[in-house]
Amino acid sequence: MEGVTVVSFFLLFIATAMAAKSTVSFRDGMLPNGDFELGPKPSDMKGTEILNKLAIPNWEVTGFVEYIKSGHKQGDMLLVVPAGKFAVRLGNEASIKQRLKVVKGMYYSLTFSAARTCAQDERLNISVAPDSGVIPIQTVYSSSGWDLYAWAFQAESDVAEVVIHNPGVEEDPACGPLIDGVAMRSLYPPRPTNKNILKNGGFEEGPLVLPGSTTGVLIPPFIEDDHSPLPGWMVESLKAVKYVDVEHFSVPQGRRAIELVAGKESAIAQVVRTVIGKTYVLSFAVGDANNACKGSMVVEAFAGKDTLKVPYESKGTGGFKRASIRFVAVSTRSRIMFYSTFYAMRSDDFSSLCGPVIDDVKLISVRKP
C-alpha cells in the first residue's frame, strides 16, 4: 500500500506540474478565459487577493494579484469593469501569464483593456521572450477610464508565454492597474506594390479590435515596441495613436483607419525607399470618426523635406476629404509622417481625447510634368 501511495503522490505531482505549464493552441480572438469571467474558488482567496497562483483557470499569477468584481469599492473609488463582471488587478511587481501554442516566426498582436486605479505613474511591462515593451497608461484617453492597448511580438518558438507585469511599487499594493479582455491575432505584414510604395497604407492590417468595443485600440509609441502592431508604421510620438474600425466608427476607405488623438504628440511615420531626383505623389484621406469630435482640425503631412497642412472642419458625424502632396526625393530613403496640429475632445463627454482620422495613404512615383 505504501508503494501505491508513493506512485499516487508522484502522479499527482506530475499532473500539477503539467497544469502549471499547460499550453493552449492559439486561435485569433480572446485568449482562453481572457475575460477572467472564470474565477478562483473562495478557498483560493482572501478578500479580493488571490492566494493560489493557479486559481484563475488558464492563467498563472505571481505576486499581489486581486480578482475584482465590477462595482467593487476602494475608499471613494468605484471600480468599473469594461465587459462582463470581473477583471484582475496587478499590485506591486505582480504579473499574470498564459502559455499558448503559436507558429514560430509568425507575428502576433496582443490586445487588452487596462485602467488606472490610484497610482500616479502606472505602466505595464508586456513580454513574450525575448520581446518586451513598457506601455505607459497614466494618460487616460477615454471617459470610462478604460483603454484598449495593442502590443506585438514575433514568435521565437512554437510556444509563447504571454506575461503582463506591473513593475510599479506603491505604498498600497492595491493601487495597481486593472486588466481585462486579453485577446490576440496573427499579423501578416504587407509588402509594397506597384500601386503603392507604402506598406499597409490603408491600415487594414493591425491589432484585433474586441467585438463590442467602442473605444478603438491604442497603439503605443514605437520606442516602447520592438515590433509594431500596425505593420509598416511607427508611432513616432510621446502619446499613442488610435486604431479604429468600420464597425464602430466612420472610416474613409476599407475597414480600418488611424485616429490621431493627441495633437502633435500623436504621430505615425514610415520610411520608404526612393530614388534621388525622382518625383513622387503622396495622397491620403482626412476625416472624422463619427465620434462627436467636432471643430477645426488640421493634419500635417511630411514627405521628405516637403510639408502640407490639410484643414478639416469636423461636424463629428463622419465624412472626409482627400489631399495630396508632390515632392522630389532628396535621399534614397524618405520619411512619410502625419500628425494633428491641435488637441481635441469629444463634445459628448468633454474628457475623451479625439482627433482627425487618416486613411488610404498612397505613395507613387510619377514622371515630371
Side-chain angles (χ1 to χ4, degrees), residues 189-206 219-243 252-254 256-288 295-314 320-344 353 355-369:
R191 299 180 180 276
T193 67
N194 58 0
K195 295 181 179 179
N196 194 357
I197 300 172
L198 288 166
K199 299 175 184 177
N200 200 19
F203 309 110
E204 296 302 298
E205 192 65 31
I219 300 176
F222 175 75
I223 53 171
E224 309 292 349
D225 235 343
D226 288 333
H227 304 292
S228 174
L230 186 65
W233 295 93
M234 300 174 285
V235 181
E236 288 200 328
S237 51
L238 296 173
K239 299 286 171 63
V241 300
K242 185 168 283 189
Y243 192 61
Q253 184 268 338
R256 306 287 187 266
I258 289 293
E259 185 182 9
L260 302 172
V261 290
K264 293 180 181 180
E265 293 184 288
S266 190
I268 63 166
Q270 186 170 150
V271 176
V272 295
R273 291 181 179 179
T274 49
V275 178
I276 296 174
K278 202 164 189 177
T279 302
Y280 295 85
V281 172
L282 174 68
S283 62
F284 53 96
V286 174
D288 72 276
S296 298
M297 301 178 180
V298 177
V299 168
E300 296 191 42
F302 298 79
K305 290 190 174 182
D306 294 85
T307 63
L308 175 69
K309 291 186 177 182
V310 182
Y312 179 77
E313 198 66 32
S314 173
F320 66 94
K321 64 188 286 186
R322 295 192 178 274
S324 64
I325 177 174
R326 181 184 292 258
F327 70 99
V328 177
V330 295
S331 172
T332 55
R333 291 187 175 270
S334 297
R335 182 178 299 276
I336 306 299
M337 187 170 74
F338 298 91
Y339 65 64
S340 170
T341 304
F342 308 119
Y343 274 90
L353 287 171
V357 164
I358 60 168
D359 198 7
D360 197 21
V361 185
K362 291 179 181 175
L363 180 66
I364 58 171
S365 62
V366 295
R367 293 178 180 178
K368 290 183 180 179

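Sequential numbering from 1 along the given sequence is applied to the chain's residues.
- Atom CG in Leu230 sits 9.0 Å away from atom CD in Gln270 (nearest 0.5 Å).
- Separating the CG atom in Leu363 from the CD1 atom in Ile336 is a distance of 5.0 Å, to the nearest 0.5 Å.
- Using a distance-only test at 3.5 Å, with no hydrogens or angles considered, a donor-acceptor pair links the side chain of Lys321 to the main chain of Pro311.
- Note on ring orientation: taking the six-membered ring where Trp is involved, the planes of Trp233 and Phe203 are tilted (angle from 30° to 60°).
- Two residues are said to be in side-chain contact when any heavy atoms from C-beta on lie closer than 4.5 Å; Arg326 and Val366 meet this criterion.
- Residues Ser334 and Phe327 come closest through the heavy atom pair OG-CE1, 4.2 Å.
- Taking CD1 of Ile219 as the start and CD1 of Ile268 as the end, the distance is 8.5 Å to the nearest 0.5 Å.
- Of the inter-residue distances, the one linking Lys362 atom NZ with Leu282 atom CG reads 12.0 Å to the nearest 0.5 angstrom.
- Formation of a donor-acceptor pair under 3.5 Å by the Thr193 side chain with backbone atoms of Asn196 is found in this model.
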Evaluate Leu353 against Lys242 for side chain to side chain contact (heavy atoms under 4.5 Å, CB included), listing each step before the verdict.
CA-CA 10 Å; Leu353 287 171; Lys242 185 168 283 189; over 6 Å; no
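- Between Pro356 and Val286 the shortest heavy-atom distance is CB-CG1, 4.4 Å.
- The backbone N or O of Gln253 lies less than 3.5 Å from a partner atom in the side chain of Asp359, making a donor-acceptor pair.
- How far CE of Met297 is from CG of Leu260: 10.0 Å, rounded to the nearest 0.5 Å.
- Counting only distance, with no hydrogens or angles, the side chain of Asp360 and the backbone of Ala285 share no donor-acceptor pair below 3.5 Å.
- One distance of note links OH of Tyr339 with NZ of Lys264; it measures 4.5 Å at 0.5 Å rounding.
- Under the salt bridge (Lys or Arg N to Asp or Glu O under 4.0 Å) criterion, Arg335 pairs with Glu236, sequence neighbours left out.
- Within the structure, every pair that satisfies the salt bridge (charged side-chain N to carboxylate O under 4.0 Å, His left out) test and touches residues 196-205, not counting sequence neighbours, is listed here: Arg185-Glu205.
- Of all heavy-atom pairs between Val261 and Ala240, the closest is CG2-O, 3.6 Å.
- Inter-residue side-chain proximity for Val299 and Phe338 is flagged as met; some heavy-atom pair is nearer than 4.5 Å.
- Of the possible donor and acceptor atoms, one in the side chain of Glu259 sits under 3.5 Å from a partner among the backbone N and O of Gly355.
- Contact between Pro221 and Ser237 at its shortest, heavy atoms only, is CB-O, 3.2 Å.
- With Val328 as the fixed residue, the side-chain contact (heavy atoms from CB on, under 4.5 Å) test singles out one of Ile276, Thr274, Thr279: Thr279.
- In terms of modelled atom types and a separation under 3.5 Å, the side chain of Thr332 and the main chain of Arg273 share no donor-acceptor contact.
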Hey, can you pull the donor-acceptor pairs under 3.5 Å for the side chains in residues 301-308, sequence neighbours left out?
none

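- When side chains are defined from C-beta on, Pro231 counts as touching Pro190, because their heavy atoms get closer than 4.5 Å.
- Nearest heavy-atom pair across Glu300 and Thr341 is OE2-OG1, 2.8 Å.
- No donor-acceptor pair closer than 3.5 Å links the side chain of Ser365 to the backbone N or O of Tyr280.
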